[in-house]
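Treat the numbers as computed from the prediction; the structure is a model and nothing was measured.
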Amino acid sequence: VQLQAFGGGLVQAGDSLRVSCAASGRTFSSYVMGWFRQAPGKERELVAAISGSAVRTYYTDTGKGRFTISRDNAKNTVDLQMNMLKPEDTAVYYCAADPNWLPIVKGYGRYWGQGTQVTVSS
């Protein structure tokens, strides 16, 4: 599966932003999807994950409370809605896909998109 993340940009602290990831292929609903981010000088970290059927979601402390992950299997997309953004949310945001749950939540999904830059100014 090929992934393309988009929707990043420059926003101010307190703003909201939605990043999206479009996937190729006809079996999108069979993949667990995750959103990750990597800030300059820091390791990549998981933000949120969602199961193929969207029944199960998982948020790390990074994403809990302000971020919402969702997916539309008819459109082969997965979104990350980010609210009340802070300067420390500045990072490149990546989407990833894996047939199984654990690789995503452990940070080593099988397929990765190229990332989209989110910059939050203070």
Side-chain angles (χ1 to χ4, degrees):
V1 62
Q2 292 184 323
L3 304 173
Q4 177 83 30
F6 58 96
L10 173 63
V11 297
Q12 293 185 334
D15 285 352
S16 297
L17 187 68
R18 177 182 290 256
V19 291
S20 299
C21 176
S24 64
R26 293 175 289 180
T27 59
F28 178 69
S29 62
S30 66
Y31 288 93
V32 178
M33 299 297 298
W35 278 102
F36 295 77
R37 72 184 189 184
Q38 187 168 20
K42 295 187 177 180
E43 293 187 355
R44 186 176 63 201
E45 61 176 346
L46 175 67
V47 176
I50 187 167
S51 64
S53 63
V55 169
R56 184 179 184 183
T57 58
Y58 171 77
Y59 296 90
T60 63
D61 289 342
T62 297
K64 199 174 297 182
R66 297 185 296 122
F67 295 177
T68 303
I69 190 170
S70 61
R71 66 188 297 160
D72 185 335
N73 287 339
K75 296 181 179 180
N76 282 15
T77 57
V78 58
D79 293 345
L80 184 69
Q81 174 69 40
M82 302 181 287
N83 298 325
M84 295 301 295
L85 283 162
K86 305 174 182 180
E88 51 264 43
D89 294 318
T90 295
V92 178
Y93 284 73
Y94 298 89
C95 57
D98 197 279
N100 300 298
W101 183 259
L102 281 181
I104 289 291
V105 297
K106 290 184 178 296
Y108 53 86
R110 184 176 300 182
Y111 304 104
W112 291 83
Q114 87 293 355
T116 185
Q117 175 71 48
V118 173
T119 303
V120 184
S121 64
S122 59

Atom pair [atom1] ([X]) and [atom2] ([Y]), whose distance is rounded to the nearest 0.5 Å:
| X | Y | atom1 | atom2 | answer |
| --- | --- | --- | --- | --- |
| T77 | D72 | OG1 | CG | 4.5 Å |
| M84 | D15 | CE | CG | 9.5 Å |
| L80 | M33 | CG | CE | 11.5 Å |
| W35 | T62 | CH2 | OG1 | 15.0 Å |
| T116 | L17 | OG1 | CG | 8.0 Å |
| S53 | R71 | OG | CZ | 8.0 Å |

Practice problem: Output all residues satisfying salt bridge (Lys or Arg N to Asp or Glu O under 4.0 Å) with K64, sequence neighbours left out; order by chain, then residue number. | Solution: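 K64 satisfies salt bridge (Lys or Arg N to Asp or Glu O under 4.0 Å) with D61 only.
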Exercise. Tell me, please, which residues at least two apart from R110 pass salt bridge (Lys or Arg N to Asp or Glu O under 4.0 Å).
Key: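 Partners of R110 by the salt bridge (Lys or Arg N to Asp or Glu O under 4.0 Å) criterion come out as none, since no residue qualifies.
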Exercise. Quick one: do D89 and R66 satisfy side chain to side chain contact (heavy atoms under 4.5 Å, CB included)? Show the steps, please.
Key: CA-CA 11 Å; D89 294 318; R66 297 185 296 122; 2.8 Å; yes
Practice problem: For the residue pair V120 and E88, establish whether any side-chain heavy-atom pair is separated by less than 4.5 Å. | Solution: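 V120 does not reach E88 side chain to side chain.
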Quiz item: Under a 4.5 Å cut-off applied to non-hydrogen side-chain atoms, are Q114 and Q4 in contact?
Solution: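 Result yes, sub-4.5 Å side-chain heavy-atom pair found.
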Quiz prompt | Same apolar cluster: F6 and I69, side chain cutoff 4.5 Å | solution =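 No, no single cluster joins them.
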Quick one: closest heavy-atom pair of [X] and [Y], and the distance?
| X | Y | answer |
| --- | --- | --- |
| G8 | V19 | N-CG1, 3.9 Å |
| S16 | Q81 | CB-NE2, 3.7 Å |
| A13 | P87 | CB-CD, 4.1 Å |
| N73 | S29 | ND2-CB, 3.4 Å |
| A97 | V1 | CB-CG1, 4.2 Å |

Quiz item: Excluding sequence neighbours, so at least two apart, what forms side chain to side chain donor-acceptor pair (under 3.5 Å) with D79?
Solution: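 With sequence neighbours excluded, D79 shows a side chain to side chain donor-acceptor pair (under 3.5 Å) to R18, S20, given in chain and number order.
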Exercise. Can you tell me which residue pairs pass the disulfide (SG to SG under 2.5 Å) test with a partner in residues 71-122, sequence neighbours excluded?
Key: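 Every pair satisfying disulfide (SG to SG under 2.5 Å) with a residue in residues 71-122: C21-C95.
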Quiz item: Tell me the disulfide (SG to SG under 2.5 Å) pairs involving residues 24-60, sequence neighbours left out?
Solution: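 Every candidate disulfide (SG to SG under 2.5 Å) pair involving residues 24-60 fails, so no pair, neighbours aside, qualifies.
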Exercise. Go through the steps to decide whether L85 and F67 satisfy the test side chain to side chain contact (heavy atoms under 4.5 Å, CB included), and finish with yes or no.
Key: CA-CA 9 Å; L85 283 162; F67 295 177; 4.1 Å; yes
Quiz prompt | Q2, CD: over 12 other non-hydrogen atoms inside 6.0 angstrom | solution =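 No, the 6.0 Å shell around CD holds no more than 12 heavy atoms from other groups.
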Quiz item: How does the hydrophobic cluster around V92 look, that is, which other residues are in it when side-chain heavy atoms under 4.5 Å mark a link?
Solution: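 ILVMFWY cluster around V92 also holds V32, F36, L46, Y58, Y94, W101, L102, I104, V105, W112.
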